[in-house]
Amino acid sequence: SRETTSFSIILSVESGERVILYEPGTNAHLHDVTFDRSKAATMDWIYLNHIHESTEVIEDDLLQILSEKDHPKLTWNPGGKQIAIGMRGGKHAELLTHTDFLLLNKGEALAFTKTKTVEDALRRLLDAGVHVVCITDGKNGALSSDGTSLLHCPILPGIPVDTTGAGDAFGTGATWALIQGLPLQTALIAGTMNSNSVIGAVGAEAGLLTDKDMASRLASPPVTVDVLSFP
């Protein structure tokens with residue numbers, strides 16, 4: 001085949017902000033025929049990130065996996081196409097009921113839920129059956145809830161070099177902590193530490209913390225998570 005794998009061109013400025021031009025390449029061919037459902041079903045946790053429009057057909061396979069006994073847990077970070085469809089479009093309403101950790105930034109959350117405030121978005125997603133919702137908001141930190149409490153985790157101080165991959169780093173850091181059986185407060189701190197480490201380097205992978213790094217830094221958490229009440 002003369003096709004390429006997916007690639008991105010990243011345009012960065014001194015503030016650390018960036019614009020990403022993305023080409024899916026061969027990722028566009030991921031569908032229910034090429035998706036290894038049997039192997040996915042053996043995982044402890046599945047992380048569903050942004051997927052190409054043509055790849056949405058694997059949602060049926062995921063739903064079948066997540067409906068089985070002793071199924072994997074799920075972190076879902078919807079992509080642009082999924083955000084545009086909304087939380088009630090396609091298979092999304094059913095998928096939300098199987099989502100253990102839903103990650104969105106503020107703009108995505110408002111668009112996905114068609115609400116005007118983060119608090120309303122949180123409520124709507126929890127009412128849809130999501131176990132834990134987390135909404136990040138740049139310098140304002142992250143808000144998260146499991147339906148019983150509202151948690152706020154502030155960002156760590158530092159000057160961003162490149163914000164590419166910050167959201168993914170937060171999601172993977174937080175998911176790592178949840179897989180370890182750590183409480184949600186600790187998961188938010190882990191996500192924040194991983195994200196802060198990534199924005200201090202150029203690129204989406206440079207700066208990612210290892211398992212040992214994460215455990216070591218969590219021994220003396222650099223931030224405190226505040227417990228709030230819904231207004």
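Side chains are part of it too, since the values below use all heavy atoms of this structure and drop only hydrogens, waters and symmetry mates. Predicted model, so just to flag it, every value in this text is computed and none were measured.
Interatomic distance, NZ of Lys91 versus CG of Leu96, reported as 13.5 Å (0.5 Å rounding). Asp226 contributes atom CG, which lies 10.5 Å from atom CD of Gln185 (distance to the nearest 0.5 angstrom). Atom CE in Met87 sits 7.0 Å away from atom OG1 in Thr113 (nearest 0.5 Å). Interatomic distance, Tyr47 OH to Ile179 CD1, rounded to the nearest 0.5 Å: 10.5 Å. Going from atom CG of Asp211 over to atom OG of Ser216 covers 11.0 Å, rounded to the nearest 0.5 Å. With rounding to the nearest 0.5 Å, the separation of CD in Glu94 from CG in Asp60 is 8.5 Å.
A distance-only check finds a donor-acceptor pair linking the side chain of Thr175 to the backbone of Gly171 [under 3.5 Å]. The backbone N or O of Asn105 lies less than 3.5 Å from a partner atom in the side chain of Glu108, making a donor-acceptor pair. At least one donor-acceptor pair under 3.5 Å links the side chain of Gln82 to the backbone N or O of Gly79. A donor-acceptor distance shorter than 3.5 angstrom exists from the side chain of Thr117 to the backbone of Asp120, with no hydrogens or angles considered. Thr186 places no side-chain N or O within 3.5 Å of a backbone atom of Leu182 that could act as its donor or acceptor partner. With hydrogens and angles disregarded, no donor-acceptor distance shorter than 3.5 Å links the side chain of Asp100 to the backbone of His131. Not a single donor-acceptor pair under 3.5 Å links the side chain of Ser149 to the backbone N or O of Ser145. Between the side chain of His152 and the main chain of Asn140, a donor-acceptor pair closer than 3.5 Å is present. When atom types are taken as modelled, the side chain of Asp146 and the backbone of Val132 share no donor-acceptor pair closer than 3.5 angstrom. In this structure, Thr192 contributes its side chain and Ile155 its backbone to no donor-acceptor pair below 3.5 Å.
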Item to check | Test log, rule side-chain contact (heavy atoms from CB on, under 4.5 Å), inputs Leu184 and Ser144 | outcome: CA-CA 8 Å; Leu184 179 56; Ser144 183; 3.7 Å; yes

Item to check | Leu95 vs Leu66, side-chain contact (heavy atoms from CB on, under 4.5 Å): CA-CA, chis, key distance, verdict | outcome: CA-CA 9 Å; Leu95 191 57; Leu66 297 169; 4.0 Å; yes

Checklist entry - After noting the C-alpha distance and the side-chain angles of Asp127 and Arg124, does the key distance pass the salt bridge (charged side-chain N to carboxylate O under 4.0 Å, His left out) rule? => result CA-CA 5 Å; Asp127 288 344; Arg124 187 161 297 183; over 6 Å; no

Item to check | Phe35 and Val57: CA distance, side-chain angles, deciding distance, side-chain contact (heavy atoms from CB on, under 4.5 Å) verdict | outcome: CA-CA 10 Å; Phe35 178 61; Val57 293; over 6 Å; no

Next on the checklist: Using salt bridge (charged side-chain N to carboxylate O under 4.0 Å, His left out), reason through Asp44 and Lys73 one step at a time and then give a plain yes or no.
Outcome noted: CA-CA 6 Å; Asp44 294 323; Lys73 291 190 175 182; over 6 Å; no

Next on the checklist: With side-chain contact (heavy atoms from CB on, under 4.5 Å) as the criterion, how do Val223 and Cys153 come out once you've worked through the C-alpha distance, each side chain's angles and the decisive distance to 0.1 Å?
Outcome noted: CA-CA 8 Å; Val223 293; Cys153 186; 4.0 Å; yes

Item to check | Worked verdict on Asp168 versus Asn49 for side chain to side chain donor-acceptor pair (under 3.5 Å) | outcome: CA-CA 8 Å; Asp168 290 337; Asn49 210 336; 3.2 Å; yes

Item to check | Audit row: Asn194, Ser197, side chain to side chain donor-acceptor pair (under 3.5 Å) steps and yes/no | outcome: CA-CA 5 Å; Asn194 205 31; Ser197 184; 5.6 Å; no

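Counting heavy atoms from C-beta outward, Arg123 and Thr115 have side chains that stay 4.5 Å or more apart. Side-chain contact between Phe101 and Leu74 is absent, with no heavy atoms from C-beta onward closer than 4.5 Å. Residues Cys134 and Leu102 are not in side-chain contact: their nearest non-hydrogen atoms beyond the backbone lie 4.5 Å or more apart.
In this structure, a donor-acceptor pair under 3.5 Å is present between the side chains of Asp213 and Thr210. Side-chain N/O atoms of Ser38 and Asp36 include a donor and acceptor closer than 3.5 Å. With hydrogens and angles left out, the side-chain atoms of Trp45 and Thr75 include a donor and acceptor closer than 3.5 Å.
Using a 4.5 Å cut-off between side-chain heavy atoms of Ile, Leu, Val, Met, Phe, Trp and Tyr, with links allowed through other members, Leu110 and Val133 fall into different hydrophobic clusters. Leu48 and Ile85 end up in different hydrophobic clusters when Ile, Leu, Val, Met, Phe, Trp and Tyr side chains are linked at under 4.5 Å.
In this structure, Ile65 and Pro72 approach most closely via the heavy-atom pair CG2-CD, 3.6 Å. In plain terms, the two heavy atoms of Pro222 and Arg217 that are nearest each other are CD-O, 4.3 Å. The heavy-atom pair separating Ser229 from Leu150 by the smallest distance is O-CD2, 4.1 Å. For the residue pair Ala111 and Ile83, the shortest heavy atom distance occurs at CB-CG2, 3.7 Å. Nearest heavy atom pair, residue Met214 against residue Ala190, reads SD-O, 3.7 Å. Nearest approach of Ala40 to Ile46, heavy atoms of both residues: O-CD1, 3.9 Å.
Between His92 and Phe112, the ring-plane angle classifies as tilted under the 30° and 60° cut-offs.
Here the rule is side-chain contact (heavy atoms from CB on, under 4.5 Å) with Leu143, and of Asp137, Thr136, Leu151, Leu228 only Leu228 fits it.
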